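Single-structure report; data block below.
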2 protein chains.
Amino acid sequence: MVTDSGSAGDGTIALLWGLREGPTRGPKPLLSLERIARAAVQIADTEGIAAVSMQRVAHDLDFTKMSLYRYVAGKDELIAAMIDLAVGEPSDPATIAGDATGWRPRIEAWVRLLGETWEAHPWLPGVTMGERVMGPNEVGWTEVAQAILQDSGLTPAERMGLARMLGGHIRTTMSASTAGTQPWTSPLQAEILRDHADRFPVLTALAAAGDAPLECGDREFGLRVILDGVERLLAERSA
Amino acid sequence: MVTDSGSAGDGTIALLWGLREGPTRGPKPLLSLERIARAAVQIADTEGIAAVSMQRVAHDLDFTKMSLYRYVAGKDELIAAMIDLAVGEPSDPATIAGDATGWRPRIEAWVRLLGETWEAHPWLPGVTMGERVMGPNEVGWTEVAQAILQDSGLTPAERMGLARMLGGHIRTTMSASTAGTQPWTSPLQAEILRDHADRFPVLTALAAAGDAPLECGDREFGLRVILDGVERLLAERSA
DNA sequence: AGATAACTGTGTCTTAAGGATACTGTTTCC
DNA sequence: GGAAACAGTATCCTTAAGACACAGTTATCT
């Protein structure tokens with residue numbers, strides 16, 4: 001059993017998993033981890049993650065900065081709480097695609113729901129990188145994906161790899177992310193590309209050919225490609 | 001033409017693209033953007049990106065912090081220079097896969113090279129998120145990918161989408177990234193999972209079944225799945 | 001009931017970071 | 001040879017995270 005003094009209580013995240021038994025003595029707490037996280041998420045949604053500081057969150061709640069530290073071990077834990085709040089509770093794997101029962105429509109529905117959730121919180125990609133501990137909702141999303149893929153015919157390792165890949169695909173195709181994408185989306189980048197057209201002939205030709213509609217549809221295209229590839233793998237294997 | 005006083009000279013990145021004509025008067029510069037970026041990359045490689053501060057970089061070069069600002073407009077530009085230095089010059093699209101000439105082995109080689117490059121600089125994923133302007137090397141990698149995919153039969157939009165997806169796949173399968181991956185890789189996370197086995201039965205079963213070998217091979221698996229999916233798309237289309 | 005321990009929220013201080021600005025010394029062009 | 005343009009420095013400002021001691025509040029124990 002994990003206790004507050006156990007290894008899981010150190011570092012971050014302890015609060016998210018409902019550790020720390022409620023105290024009895026002392027004044028009633030006027031705040032809560034959830035209220036704090038909610039205020040922080042609202043700031044991040046409207047003004048970007050950079051606007052989220054302890055000071056700012058406290059100000060929005062009409063408290064002092066240091067009072068937040070009664071509920072949150074540090075900023076890392078606040079971010080973790082924000083993530084788990086923003087990600088939200090996952091859907092039921094059985095009914096996620098309505099009456100469809102196959103693994104493919106259900107995992108497609110999972111990806112689309114995940115995408116909608118992430119698009120509502122564009123700061124999520126930047127904050128979910130690197131080593132960290134996931135909260136219950138985030139683990140819940142993973143659980144749902146694995147439940148859906150359980151009867152897909154893939155090996156356990158492949159199932160995990162596929163879920164990881166699909167989550168990464170959402171991150172890659174966020175509308176706010178330009179990482180590794182068309183070098184002419186931003187006006188500045190386009191101007192640079194035009195100035196060095198000789199060094200990048202293929203990109204220059206691409207930019208000249210299709211101006212606008214290259215952005216949209218990436219997510220659905222990639223989703224189809226990935227799942228088609230999986231089906232081909234399964235078909236080969238059963239033959 | 002982009003000049004130093006033009007729109008591309010504002011903000012960051014101007015130096016990376018060789019703008020700013022060399023001055024003639026005054027003392028000889030003792031530093032250079034490249035030396036600074038190289039020192040910063042070394043710090044990031046060995047101690048993590050968080051250890052990279054202006055102070056620290058200057059100290060390693062035996063200069064004062066403020067002297068760096070003669071070569072770099074700000075930390076954002078330093079990071080941009082680090083990225084372009086770390087990413088390095090791309091390979092020749094014609095010979096990237098030896099004597100293989102098809103688009104598939106060549107794009108596979110591109111992905112593997114990109115992966116090796118990124119693994120050498122584990123801080124790259126966290127730093128290449130969000131809106132930013134790419135440097136010449138990074139645009140070069142994109143150019144190479146597009147050159148390879150030119151005769152694949154995909155539409156321009158699909159070619160861009162695929163390259164974006166493959167770059168994202170590298171990011172997703174970095175060994176240092178646990179985003180959306182197995183919730184038992186870290187001991188702490190594994191302990192939490194064990195304590196909540198009832199809430200996550202499928203993950204618990206997966207963790208119990210295969211302990212170690214679920215991590216490796218994700219990258220190759222995903223690469224195969226994606227490119228198989230592309231080939232299936234092309235096959236359907238030509239039929 | 002009263003003392004006490006446990007707890008909440010606050011005020012103050014420290015450290016580290018990015019960056020602005022004014023300065024001293026140096027080099028080259030007019 | 002003077003003046004303009006530049007390199008590196010010293011000092012100051014702002015903002016951020018967080019440590020710590022304190023005052024007020026509440027339940028428990030004697």
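From a predicted model like this one, the values you see are computed outputs, not experimental measurements. All chains are named by letter (A, B, ...) in the order of the sequence lines, taking the proteins before the strands, and each is independently numbered beginning at 1.
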For [N] and [X] - does any side-chain N or O of the residue sit under 4.0 Å from the phosphate oxygens OP1/OP2?
X	N	value
A:S67	C:dT10	yes
A:Y71	C:dG9	yes
A:K28	D:dA27	yes

Heavy atoms from C-beta onward define the side chain here; which of [options] lies closest to that of [X]?
X	options	value
A:F63	C:dT8, C:dT10, D:dG8	C:dT10
A:T64	D:dA17, C:dG11, C:dG19	C:dG11
B:K75	C:dG9, C:dG19, C:dA5	C:dG19
B:R25	C:dG18, C:dT28, D:dT25	C:dT28
B:R70	D:dA7, C:dG19, D:dA17	D:dA7

If you measure from CH2 on A:W123 to CD1 on A:I83, what distance do you get to the nearest 0.5 Å?
6.5 Å
Minimum heavy-atom separation for [X] and [Y], please, with both atom names.
X	Y	answer
B:I49	B:M82	CD1-CE, 3.9 Å
B:S67	B:L31	OG-CD1, 4.2 Å
B:A40	B:V52	O-CG2, 3.6 Å

Length of the line joining [X]:[atom1] and [N]:[atom2], which is rounded to integer Å:
X	N	atom1	atom2	value
A:Y69	C:dT8	OH	C1'	17 Å
A:I49	D:dA16	CD1	C1'	14 Å
A:K65	D:dA19	NZ	P	11 Å
B:H59	C:dA17	NE2	P	12 Å
A:R56	D:dG18	CZ	P	19 Å
A:I36	C:dG9	CD1	C1'	12 Å

For A:E34, I'd like to know if atom CD has over 12 heavy atoms of other residues, nucleotides or ligands within 6.0 Å.
no
Which is true for B:M66 with a 4.0 Å heavy-atom rule: it touches a base, it touches only sugar-phosphate, or it touches nothing?
base
Heavy-atom nearest nucleotide on DNA chain C for B:G26 versus A:G26: which residue maps closer to 5'?
A:G26
